[in-house]
Number of protein chains: 2
Amino acid sequence: MPRLARAEELYEAVNQLIRVHQFRDRDYICCHDVSVAQCYALETLVKRGPLRLQALADEMYLDKSTTSRVVDSLLRKQYVLKLHDPDDQRAIQLSLTPSGEALYQTIHQDLISEEASMIKDVPPEVVDGALTLIRQLTIAARNRLGS
Amino acid sequence: MPRLARAEELYEAVNQLIRVHQFRDRDYICCHDVSVAQCYALETLVKRGPLRLQALADEMYLDKSTTSRVVDSLLRKQYVLKLHDPDDQRAIQLSLTPSGEALYQTIHQDLISEEASMIKDVPPEVVDGALTLIRQLTIAARNRLGS
DNA sequence: CATTATAGTTGTTACTAACAACATAGTGAC
DNA sequence: GTCACTATGTTGTTAGTAACAACTATAATG
């Protein structure tokens with residue numbers, strides 16, 4: 001298969017996967033107290049620990065203004081905490097409250113058990129293979145974004 | 001690795017891939033005359049041929065009202081055509097205009113050559129492996145949505 | 001100390017997307 | 001044939017997603 005044809009097939013396949021995942025995420029996340037973007041912010045704070053706003057924005061590939069408003073809504077719902085950095089009065093440290101952490105764990109478990117159901121008929125070694133490859137593709141894509 | 005841990009890793013990996021692709025799509029599509037959703041509608045009409053509104057909505061996993069408005073904007077820009085079904089006065093047949101077709105081809109080629117650059121250092125057999133697996137995952141996910 | 005750079009917020013605009021209510025047009029039951 | 005039911009699209013409304021530009025306040029640099 002020529003190079004461009006392979007690229008096309010891959011593009012197509014990833015796109016389909018994205019649609020399905022997006023649709024599912026809307027379903028599973030929004031029945032809890034947060035939106036998809038809000039949940040993603042919670043997730044990032046769980047994974048990376050307390051972050052500054054700009055760092056959070058970078059992790060999420062979002063503008064700082066968009067991120068500021070997403071954080072605002074989490075703040076109002078008391079899922080995150082905002083502390084001024086003592087070394088830099090401009091900066092804020094964002095961290096999860098216990099209820100934010102708890103909410104994320106609930107949603108996460110929902111999503112993971114859903115994912116587990118999805119792959120229940122796919123052989124483990126096939127999943128492992130997919131994992132490695134998907135990660136490689138992500139790294140390749142990320143490297144290109146940076147340049 | 002236990003079953004849930006594998007599911008968790010996969011969920012994580014797919015999520016990362018999705019973020020990167022979404023970010024890139026925003027970049028590459030929106031500098032043309034259409035938004036991401038509008039481009040997706042064009043793509044669906046290219047792939048499936050003329051469709052009714054509800055059928056288009058089903059393909060895109062969107063509500064018919066959302067789809068109606070996406071189509072509206074494509075109509076105003078004269079990228080799609082709306083024809084009444086002679087057999088059913090309620091229904092409309094949506095099809096691409098030549099300029100809609102042309103615009104999609106331009107964007108598509110941009111995206112594909114970008115995808116090709118991304119995977120230029122990934123061995124072809126690795127890409128082929130990823131392809132098969134990504135498709136399998138999509139099918140598994142889709143089947144679960146239907147049920 | 002003036003200039004420049006950085007961190008975050010707010011104003012504005014456009015897109016994404018669902019749900020509910022609606023008008024209209026087919027489909028069946030009787 | 002008419003009444004109820006269903007299906008197709010559109011419109012009103014609300015909420016979430018997201019960028020860009022302008023702004024305030026703070027920090028760093030010369």
Side-chain angles (χ1 to χ4, degrees), chain A residues 18-42 44 50-77 79-94, chain B residues 18-19 21-44 50-77 79-94:
Chain A
I18 288 177
R19 312 278 178 220
V20 178
H21 265 254
Q22 265 181 329
F23 186 81
R24 187 203 53 177
D25 281 359
R26 271 202 299 278
D27 248 38
Y28 276 78
I29 293 172
C30 295
C31 62
H32 294 90
D33 193 31
V34 288
S35 71
V36 174
Q38 287 162 26
C39 180
Y40 183 28
L42 290 181
T44 307
L51 285 176
R52 288 185 174 194
L53 189 101
Q54 184 61 62
L56 181 61
D58 290 344
E59 288 280 334
M60 309 204 323
Y61 298 104
L62 291 178
D63 189 85
K64 59 182 178 172
S65 64
T66 305
T67 310
S68 174
R69 279 183 256 248
V70 169
V71 166
D72 250 21
S73 57
L74 291 172
L75 217 82
R76 274 196 300 278
K77 295 175 192 165
Y79 292 133
V80 299
L81 216 68
K82 215 175 181 176
L83 289 175
H84 274 280
D85 187 326
D87 299 333
D88 186 341
Q89 282 302 109
R90 297 169 303 179
I92 53 175
Q93 279 288 320
L94 298 164
Chain B
I18 288 177
R19 313 274 180 224
H21 266 254
Q22 265 181 328
F23 187 81
R24 187 204 53 178
D25 281 0
R26 273 203 298 278
D27 248 39
Y28 275 79
I29 292 171
C30 296
C31 62
H32 294 90
D33 194 29
V34 288
S35 71
V36 174
Q38 286 162 25
C39 180
Y40 183 29
L42 290 181
E43 182 176 63
T44 307
L51 286 175
R52 288 186 175 193
L53 190 102
Q54 183 62 62
L56 181 62
D58 290 345
E59 288 280 334
M60 310 205 320
Y61 299 102
L62 292 178
D63 190 85
K64 59 184 178 171
S65 65
T66 305
T67 310
S68 173
R69 279 183 255 248
V70 169
V71 165
D72 248 22
S73 58
L74 290 172
L75 217 83
R76 276 196 299 279
K77 296 176 192 163
Y79 292 132
V80 300
L81 216 68
K82 215 175 181 177
L83 290 175
H84 274 281
D85 187 325
D87 299 334
D88 187 339
Q89 281 302 109
R90 295 170 303 178
I92 54 175
Q93 279 289 320
L94 297 165

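Protein chains get the first letters and strands the later ones, always in sequence-line order, with residue 1 at the start of each. Since the model is a prediction, treat every value here as computed from it, not as a measurement.
- For the residue pair A:D85 / A:Q89, no side-chain donor-acceptor distance below 3.5 Å is found, with atom types taken as modelled.
- Taking the nucleotide of DNA chain C with the nearest heavy atom to each of A:Q93 and B:Q89, the more 5' of the two is matched to A:Q93.
- The number of heavy-atom neighbours closer than 6.0 Å to NE2 of A:H84, taken from other residues, nucleotides and ligands shown, is 12 or below.
- In this structure, the side chain of B:S68 does not engage the main chain of B:K64 through any donor-acceptor pair within 3.5 Å.
- A donor-acceptor contact under 3.5 Å is formed by the side chain of A:R90 with the base of C:dT6.
- No side-chain donor-acceptor contact under 3.5 Å links A:T44 and A:E59.
- Within 4.0 Å of A:V70, counting heavy atoms only, lies no atom of the nucleic acid at all.
- Remark on DNA chain D: of its neighbouring residues A:S35 and B:L53, the 5'-side contact belongs to B:L53, judged by nearest-heavy-atom nucleotide.
- When rounded to the nearest whole Å, the span between CG of A:D85 and C1' of C:dA7 equals 11 Å.
- Residue A:R69 is in base contact, counting any heavy-atom pair closer than 4.0 Å across all strands shown.
- With a 4.5 Å cut-off on side-chain heavy atoms, A:Y79 and A:D33 count as touching.
- In this structure, A:R26 places its CZ atom 12 Å from P of C:dT16, rounding to the nearest Å.
- Among the protein residues, A:S65 comes within range of the nucleic acid bases, having at least one heavy atom under 4.0 Å from a base atom.
- To the nearest angstrom, C1' of C:dT9 lies 12 Å from NE2 of A:H84.
- Residues A:S35 and A:I29 have side chains not in contact (no heavy-atom distance under 4.5 Å, counting atoms from C-beta outward).
- The side chain of A:K64 lies closest to C:dA7 when the candidates are C:dA7, C:dT10, C:dC15.
- Judged by the 6.0 Å distance and 45° axis criteria, B:R19 is positioned over the aromatic ring of A:Y40.
- Comparing A:R52 and B:V36 by the nucleotide of DNA chain C that holds the closest heavy atom to each, the one mapping nearer the 5' end is A:R52.
- Running 5' to 3' along DNA chain D, contacts with non-hydrogen atoms of chain B at under 4.0 Å begin and end at D:dA7 to D:dA19.
- Taking atom NE2 of residue B:H32 and atom P of nucleotide C:dA14, one finds them 21 Å apart after rounding to whole Å.
- The side chain of B:T66 contributes no N or O atom lying less than 4.0 Å from OP1 or OP2 of C:dT16.
- One atom, CG of B:D87, and another, C1' of C:dG26, lie 12 Å apart when rounded to the nearest Å.
- Rounded to a whole Å, the NZ atom of B:K77 is 10 Å from the C1' atom of C:dA14.
- Atom C1' of nucleotide C:dC15 and atom CD of A:Q22 are separated by 14 Å, given to the nearest angstrom.
- Regarding B:D33, its CG atom lies at a distance of 14 Å from the C1' atom of C:dA14, rounded to whole Å.
- Side chains of B:K77 and B:Q38: a donor on one and an acceptor on the other come within 3.5 Å.
- Each of A:A37 and A:D88 has a nearest nucleotide on DNA chain D; the 5'-most of these lies closest to A:A37.
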